[in-house]
Amino acid sequence: MESSQNARHDHHDIVSPEGPAMHEFELHRMRSAELRREAQQHRLAREAVRARRAARQADAGHGAPAAESHTDRPRRLRLPRTA
């Protein structure tokens, strides 16, 4: 009786060599597809930012300065703060 119980347990412990490899391959494919979707979303976001920037520049006109100053003083260069 003891040998039949061991045989039953051993039967459930047997894993085909393709099983884990196939599982890892499916995980790899899912992760790869996820990374491709994320990359596409980042590309679309960058494209939207570029389009908005181009629209702002077109609205401002090509001859106008990029940013009008409120004073006649030259812009002060800022140095990094010391620790």
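These numbers come from a predicted model, not from an experiment.
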Notebook entry, point to check: Can you name the side-chain contact (heavy atoms from CB on, under 4.5 Å) partners of A33, sequence neighbours left out?
Noted result: R36, R37
Check: Can you list every salt bridge (Lys or Arg N to Asp or Glu O under 4.0 Å) pair that touches residues 46-60, not counting sequence neighbours?
Finding: none
Check: Which residues pass the salt bridge (Lys or Arg N to Asp or Glu O under 4.0 Å) test with E26, sequence neighbours left out?
Finding: R29
Notebook entry, point to check: With sequence neighbours excluded, what pairs up with R78 under the side-chain contact (heavy atoms from CB on, under 4.5 Å) test?
Noted result: R76
Next item on the list: Please go through L27's hydrophobic cluster and name the other residues, only I, L, V, M, F, W, Y counting, with side-chain heavy atoms under 4.5 Å joining them.
Entry: M30
Next item on the list: Kindly write out the residues that satisfy side chain to side chain donor-acceptor pair (under 3.5 Å) with E38, not counting sequence neighbours, or none if the list is empty.
Entry: none
Item checked: Which residues share a side-chain contact (heavy atoms from CB on, under 4.5 Å) with Q40, sequence neighbours left out -> R43, L44
